[in-house]
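A quick note: this is a predicted structure, and the numbers were derived from the prediction, not measured.
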Amino acid sequence: MAVRPFPRRKAYSLWFCVSFLLLTGLSVEAASSEKPLMAYVGTFSSPLQDVLPTQVDLPPGNGRGIHLFKVNRETGAMTPAGFFELGTSPNCLAFNSTQTRLYSSNETDRQGDSGEGTVSAFAIAPETGQLTMLNTVGSGGAGPTYVSLHPSGRFLLVANYFGGSVSVLPILADGKLGPASDVKTDQGTIGPRKAQHAPPGSFAFSGHDRTHAHMIQADASGRYVFHADLGLDRIFVWKFDERNGRLSPNDPPWVALPPGDGPRHFAFHPS
């Protein structure tokens with residue numbers, strides 16, 4: 001079960017608000033008190049040095065990487081259980097279907113000559129819930145902020161916030177990540193800084209300085225992939241080639257939201 005209960009970039013205790021995953025157990029036996037119920041929290045690292053001059057809603061983080069907590073099955077209370085130290089702001093986390101692997105988008109722009117972000121793969125110890133890094137690869141764009149698994153389990157989908165792009169990373173047999181099999185860069189007209197349909201007296205504005213891919217996820221069938229671009233006020237729709245891990249535009253290729261609305265996240269109805 002993956003849970004993102006807090007709005008992105010809003011301040012809470014220790015800024016542990018970016019991503020929250022609950023390890024529900026690898027088997028029926030894991031649901032007993034013999035094995036720990038673990039929570040994994042992605043954070044913005046401290047100090048943050050990758051903030052754009054126009055980025056007004058990104059507080060300085062004090063996270064140490066991916067923080068681990070043991071969850072009391074009776075009360076829900078969380079006890080700190082260490083952290084996997086990363087200085088690259090592992091902000092969004094995703095499990096594979098068996099919860100034996102964890103993936104993080106690392107919101108940085110310092111990878112390679114092109115200045116892209118990174119994505120990391122981890123193995124989860126079944127008895128303790130502790131993490132071991134498997135590998136780290138380029139995300140295909142700057143500032144990756146969201147990752148999700150394709151229903152096939154063979155690909156990780158990445159939204160690069162600062163790069164205004166989305167990418168597809170193959171997941172290898174051992175859970176490691178391969179180089180991107182496809183990268184698509186968002187194109188279009190940037191929306192207004194203030195939403196045209198904002199309520200009277202609203203002073204809110206957000207991210208309409210450039211393209212900002214914010215979320216990406218496949219539908220349940222795996223045939224289509226959707227991603228939201230905050231700066232363009234659009235949700236893009238892609239056909240997904242599961243054999244080659246490639247995206248091609250749907251017809252129509254996107255749906256427009258009201259100018260200035262800045263879509264960040266979306267959710268599918270159960271049907």
Side-chain angles (χ1 to χ4, degrees), residues 1-4 19 21 24 26 90-106 111 116-124 133-161 163-188 211 213-229 232 234-255 263-271:
M1 178 180 71
V3 183
R4 288 174 61 90
S19 186
L21 291 183
T24 57
L26 309 182
N91 59 348
C92 182
L93 310 177
F95 288 130
N96 66 348
S97 61
T98 59
Q99 297 188 332
T100 57
R101 299 291 185 264
L102 181 72
Y103 299 94
S104 72
S105 58
N106 307 320
Q111 169 78 11
E116 62 181 305
T118 61
V119 180
S120 296
F122 302 86
I124 302 174
M133 181 180 284
L134 298 175
N135 75 329
T136 296
V137 300
S139 68
T145 191
Y146 198 94
V147 289
S148 63
L149 271 84
H150 185 265
S152 68
R154 297 176 49 234
F155 301 97
L156 191 72
L157 308 173
V158 186
N160 296 297
Y161 185 78
S165 65
V166 295
S167 60
V168 181
L169 304 181
I171 297 177
L172 308 181
D174 58 1
K176 292 181 179 179
L177 294 166
S181 57
D182 200 6
V183 178
K184 301 296 186 186
T185 302
D186 296 350
Q187 303 288 338
T211 55
H214 200 289
M215 177 182 173
I216 184 169
Q217 187 171 328
D219 76 325
S221 74
R223 296 174 54 202
Y224 298 96
V225 170
F226 301 77
H227 90 266
D229 190 292
L232 298 178
R234 292 177 180 176
I235 295 178
F236 288 82
V237 186
W238 303 94
K239 297 177 182 177
F240 188 71
D241 179 356
E242 190 175 324
R243 174 176 295 182
N244 300 307
R246 298 190 65 82
L247 303 165
S248 60
N250 189 50
D251 184 17
W254 46 264
V255 60
R264 291 179 181 264
H265 290 175
F266 54 86
F268 289 102
H269 185 275
S271 64

Participant: If you round to the nearest 0.5 Å, how far is CG of Leu247 from CD1 of Ile216?
Facilitator: 6.0 Å
Participant: Rounded to the nearest 0.5 Å, how far does OH of Tyr103 lie from OG1 of Thr136?
Facilitator: 12.0 Å
Participant: Say you draw a straight line from CG of Asn91 to OG1 of Thr145; how long is it, rounded to the nearest 0.5 Å?
Facilitator: 4.5 Å
Participant: So, taking the atom named CG in Leu169 and the one named NZ in Lys176, what distance separates them when rounded to the nearest 0.5 Å?
Facilitator: 15.0 Å
Participant: Taking it one step at a time, do Arg101 and Phe95 satisfy side-chain contact (heavy atoms from CB on, under 4.5 Å)?
Facilitator: CA-CA 6 Å; Arg101 299 291 185 264; Phe95 288 130; over 6 Å; no
Participant: Which pair of non-hydrogen atoms, one from Ile124 and one from Gln99, has the smallest distance, and what is that distance?
Facilitator: CD1-O, 3.5 Å
Participant: Should Leu157 and Leu149 count as side-chain neighbours, where that means a heavy-atom distance under 4.5 Å?
Facilitator: no
Participant: If every non-hydrogen atom of Val237 is compared with every non-hydrogen atom of Pro252, which pair is closest and at what distance?
Facilitator: CB-O, 4.4 Å
Participant: Are any side-chain N or O atoms of Asp219 and backbone N or O atoms of Tyr224, one a donor and one an acceptor, separated by less than 3.5 Å?
Facilitator: yes
Participant: Distance check, rounded to the nearest 0.5 Å: Ser167 atom OG versus Asp182 atom CG?
Facilitator: 8.5 Å
Participant: Is there a side-chain contact (heavy atoms from CB on, under 4.5 Å) between His265 and His214? Walk through the geometry before answering.
Facilitator: CA-CA 7 Å; His265 290 175; His214 200 289; 3.4 Å; yes
Participant: If the condition is side chain to side chain donor-acceptor pair (under 3.5 Å), which residues does Asn106 pass it with, not counting sequence neighbours?
Facilitator: Ser104, Thr118, Ser120
Participant: Identify the two heavy atoms, one from Arg264 and one from Ala228, that lie closest to each other, and give their separation to 0.1 Å.
Facilitator: O-CB, 3.8 Å
Participant: Taking the side chain as every heavy atom from C-beta outward, state whether Leu134 and Asp174 have any atom pair closer than 4.5 Å.
Facilitator: no
Participant: Can you see which heavy atom on Phe266 is nearest to which on His227, and at what distance?
Facilitator: CE2-CA, 4.1 Å
Participant: Not counting sequence neighbours, which residues clear ring-ring contact (aromatic ring centres under 6.0 Å, His included) with Phe240? List them please.
Facilitator: His150, Phe155
Participant: Where the side chain of Arg154 meets the backbone of Pro170, is there a donor-acceptor pair that is under 3.5 Å apart?
Facilitator: no
Participant: Would you kindly say whether Asn160 and Ser139 are connected by a side-chain donor-acceptor distance under 3.5 Å?
Facilitator: yes
Participant: For the residue pair Phe268 and Phe226, does the interplanar ring angle fall in the parallel (under 30°), tilted (30 to 60°) or perpendicular (over 60°) class?
Facilitator: perpendicular
Participant: Keeping the roles fixed (side chain from Asn135, backbone from Leu177), state whether a donor-acceptor pair exists under 3.5 Å.
Facilitator: yes
Participant: So, for Pro144 and Gly117, which heavy atoms are closest and what is the spacing to 0.1 Å?
Facilitator: CD-CA, 3.5 Å
